[in-house]
Amino acid sequence: MAKIIAGIGASHVPAIGAAIDNGKTEEPYWKRVFAGFEKSQAWMRELKPDVAIIVYNDHATAFSVEMIPTFALGCAAEFPPADEGWGPRPVPVVEGHPALASHIAQSVILDEFDLTICNKMEVDHGMTVPMNLLFGKVDKNSHWPCPVVPLAVNVVMYPPPTGHRCYMLGRAIRKAVESYPHDLRVVIFGTGGLSHQISGPRAGLINSKWDKNFLDNLSKDPKKLMKIPHVDYMREAGAEGIEMVMWLVMRGALDDKVDEVYRFYTVPASNTAVGHIILQNKKYGAAKKAATKSTRPAVKHKRAAARVKVDRKRS
Ligand code: DHB
Ligand code: FE
């Protein structure tokens, strides 16, 4: 049986992608941002998930204003990077997992969530930037470390889905994954945010107090976040702060109680507050601990820890 092990929240600022693509990650402005993801990349390398479900938003690249699905599930075998105005990012085509995606579509739609099924879809920075932040830079001619089931959420045109709807969709996705008949270790990403406003008189707005409170509640009391109306996101976190509802799909797919493995917050990257969190299902943490105790003598355990440290240095 498949199971969701952990959830990852990460911003998707396009300038982060440009910094990676143009070799600027060592510049002081960007080093500060990328340093916050070194531990996460080591964690991800150790976890080696079989599949990632990535909840993200398209920025009028795959979908124009002519067609705006609220929730679009990518069921294709591959998702090419979209042309975002400067050409597609030089990253590999994202490989899909059509069998798991179709299973999720069936389970979730029969559970009364109306998804749009996409058998052809390009993906923009909303998805590829968080992938880089967690998987590191991947050569265009190589492969991402695992296949992806993309879920695009409309947060660009009013009305986006409510936080409650997003959380409940996460619940339905978890039920779908748990009824998939093959063993798969799945992680789920919620992307976008945190507070930012790109245009208008309040352009450049960042609200760190709101962001940190959001991260605290995401970890400990997500049901509080489900009740936040859109207008509060707009007022407090800026017009584009509404992207944060996508983190609630991720949170809904996890257990009520989770372990916060890691958190990072820095301001700004471009116009945006960069937030990042890793939440792990307690059941997975406990099972992992038991497995290491019964199969690995203490010395080996130390060596594994040392290996992670070396990996972190290298990254
Ligand atoms: C920026 C952030 C976004 O989320 C986005 O989609 C576009 C631009 C920015 O901070 O520049
Ligand atoms: Fe965005």
Side-chain angles (χ1 to χ4, degrees), residues 8-22 24-25 27 29-30 32-34 36-37 54-65 68-72 74 79 81-89 91 94 121-134 150-161 163 166 189-208 210-211 214-215 218 230 233-234 236-250 264-277:
I8 298 130
S11 301
H12 67 211
V13 187
I16 294 178
I20 298 169
D21 302 341
N22 298 308
K24 293 187 174 168
T25 54
E27 290 181 4
Y29 182 88
W30 289 113
R32 164 184 57 90
V33 174
F34 291 105
F37 289 85
I54 304 191
V55 185
Y56 76 105
N57 72 288
D58 178 72
H59 299 75
T61 37
F63 306 114
S64 72
V65 288
I68 306 160
T70 302
F71 296 115
F79 306 96
D83 185 336
E84 302 187 38
W86 288 271
R89 289 194 60 214
V91 291
V94 177
M121 185 166 77
E122 293 184 327
V123 291
D124 70 10
H125 66 269
M127 198 167 94
T128 59
V129 165
M131 287 178 76
N132 276 132
L133 287 173
L134 271 294
L151 175 69
V153 179
N154 167 42
V155 290
V156 171
M157 289 289 281
Y158 189 82
C166 287
F189 285 52
T191 68
L194 294 180
S195 58
H196 63 304
Q197 172 139 349
I198 295 174
S199 57
R202 298 200 309 161
L205 176 147
I206 284 179
N207 184 346
S208 297
W210 159 280
D211 290 337
F214 186 89
L215 293 173
L218 195 75
H230 289 141
Y233 282 97
M234 303 278 284
E236 299 293 331
E240 279 75 30
I242 192 63
E243 288 180 348
M244 291 157 91
V245 292
M246 294 185 289
W247 292 42
L248 294 180
V249 181
M250 172 272 276
F264 173 63
Y265 183 81
T266 189
V267 168
S270 185
N271 297 297
T272 302
V274 173
H276 170 43
I277 202 162

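Note that the numbering runs from 1 along the sequence shown for the chain. Small disclaimer: the values here were computed from a predicted structure and weren't measured. Order of appearance sets the numbers: ligands from 1, and atoms from 1 within every ligand.
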Query raised in the report: Can you list the residues that meet the ring pair (Phe, Tyr, Trp, His ring centres under 6.0 Å) rule with Phe37, with sequence neighbours excluded?
Result: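 Applying ring pair (Phe, Tyr, Trp, His ring centres under 6.0 Å) to Phe37 gives Phe264, His276.
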Donor-acceptor pair, side chain of [X] and main chain of [Y], under 3.5 angstrom:
| X | Y | value |
| --- | --- | --- |
| Asn207 | Ser195 | no |
| His12 | Ala10 | no |
| Gln197 | Ser199 | yes |

Query - Contact residues of ligand 1, where a non-hydrogen atom lies under 4.0 Å away - result: His12, Val13, Pro14, His59, His125, His196, Ile198, Glu243, Ala269, Ser270, Asn271, Thr272
Query - Check: Phe71 and Pro161 side chains under 4.5 Å, non-hydrogen atoms - result: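 They are in contact (side-chain heavy atoms under 4.5 Å apart), so the answer is yes.
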**Report entry** pair Ile16-His125: side-chain heavy atoms closer than 4.5 Å
**Finding:**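 A side-chain contact is absent here, since even the closest heavy-atom pair is not under 4.5 Å.
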Requested in this report: Take the angle between the ring planes of Tyr233 and His230 and call it parallel below 30°, perpendicular above 60°, tilted in between.
Outcome: tilted
Query raised in the report: When you check the side-chain N and O atoms of Asp58 and Thr61, is any donor under 3.5 Å from an acceptor?
Result: yes
Requested in this report: May I ask you to list the protein N, O or S atoms found at less than 2.8 Å from the Fe ion (ligand 2)?
Outcome: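 Atoms qualifying: His12 NE2, His59 NE2, Glu243 OE2.
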Query - side-chain contact (heavy atoms from CB on, under 4.5 Å) partners for Pro69, two or more places apart - result: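 Pro69 satisfies side-chain contact (heavy atoms from CB on, under 4.5 Å) with Phe63, Ala72, Thr116 only.
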